[in-house]
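The basis for the numbers below is simple: all heavy atoms, side chains too, and nothing from hydrogens, waters or symmetry mates. Sequence positions, counted from 1, serve as the residue numbers for this chain.
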Amino acid sequence: MKKSMLASMIVLAFTLQAFAQQKMNVQVPMEKLVIDQNQVPQAVTQAVQKDVSDGQPVQWHTFPYVFKKYGWDVVNPKLVKKEKKPDQYEVYIKTSHGGRIDAVYGKNGNLVRMREVLKNVELPMNIEDAIAKSQYKDWNISKDKELITVGEDHVKHYVVRLTKGEQKKTLFIDEKGNFLPHV
């Protein structure tokens, strides 16, 4: 009995170790459909032209999600089956300064959320000052930053990644230099 129990424990230990070493390949479902620009309402294309002056739309998608406080929730799964006209559209834009923008607009052209990845740009001075006066003053700011714009009021905040040796930290800072909780 003791031998079979010991053998079972050894087999279990090796099995658990094998599962622990497997790479978990978890993907977030992204039910969006690529569409042509001529399928996008004129109000949306005009809003993109107004909001993004230094880039060209590369790809358009339908967007069956709604932004909640902690991320996106599927709002209209029927869009995947093309049973209903989309309420929201996503556009992917390459900017002239080497960055990229992912933006979501409502069908009437209202901005829902925009994420711009900024490559090798300087942060506004008040944000650099806020970091320099904080507990992170000895940390290094990475080259790439993100500028997040939310809603029709275009409320903005920055996502700044810091490093200090092997340590990494992501900060969320509004335009005035105030640190925000994880948004």
Legend entry - Distance in Å, K145 NZ paired with L123 CG, rounded so as to fall on 0.5 Å steps: 5.0 Å

Inset, instruction - To the nearest 0.5 angstrom, please state how far the OH atom of Y89 sits from the OG1 atom of T62. - result: 8.0 Å

Inset, instruction - Please check if L147 and I127 belong to a single hydrophobic cluster, counting links between Ile, Leu, Val, Met, Phe, Trp and Tyr side chain heavy atoms closer than 4.5 Å. - result: yes

Legend entry - Beyond-backbone contact of Y105 with D51, side-chain heavy atoms, under 4.5 angstrom: yes

Legend entry - ILVMFWY network linking V52 to V58, side-chain heavy atoms under 4.5 angstrom: no

Inset, instruction - Considering non-hydrogen atoms only, spot the tightest contact between A43 and N108 and give its length. - result: CB-O, 3.5 Å

Legend entry - Main-chain N/O of D54 paired with S96 side-chain donor or acceptor, under 3.5 Å: yes

Inset, instruction - Is it possible for you to say whether I35 and V91 belong to one hydrophobic cluster, with membership spreading through side-chain heavy-atom contacts below 4.5 Å? - result: yes

Using distance only, find each side-chain donor-acceptor pair of residues 162-175 under 3.5 Å and give its atom names and separation, not counting sequence neighbours.
| unit_1 | atom_1 | unit_2 | atom_2 | d |
| --- | --- | --- | --- | --- |
| D174 | OD1 | K176 | N | 2.9 |
| D174 | OD1 | G177 | N | 3.0 |
| D174 | OD1 | N178 | N | 2.8 |
| D174 | OD2 | N178 | ND2 | 3.1 |

Legend entry - Shortest non-hydrogen separation from V48 to P57 and the atoms involved: CG1-CG, 4.2 Å

Legend entry - Path from I141 to W139 over hydrophobic side-chain contacts below 4.5 Å: yes

Inset, instruction - Any chance you could measure E116, atom CD, to Y158, atom OH, to the nearest 0.5 Å? - result: 8.5 Å

Inset, instruction - Kindly compute the distance separating CD (Q59) from CD (Q37), expressed to the nearest 0.5 Å. - result: 12.0 Å

Inset, instruction - Search all heavy atoms of G109 against all heavy atoms of A47 and return the closest pair with its distance. - result: O-CB, 3.1 Å

Legend entry - side-chain contact (heavy atoms from CB on, under 4.5 Å) assessment of V160 paired with Y136: CA-CA 12 Å; V160 181; Y136 305 107; over 6 Å; no

Legend entry - E146: which of R115, R113, K156 passes salt bridge (charged side-chain N to carboxylate O under 4.0 Å, His left out): R115

Legend entry - K133 (side chain) donor-acceptor with I131 (main chain) under 3.5 angstrom: no

Legend entry - Which atom of K107 lies closest to which atom of V44, heavy atoms considered: O-CG2, 3.7 Å

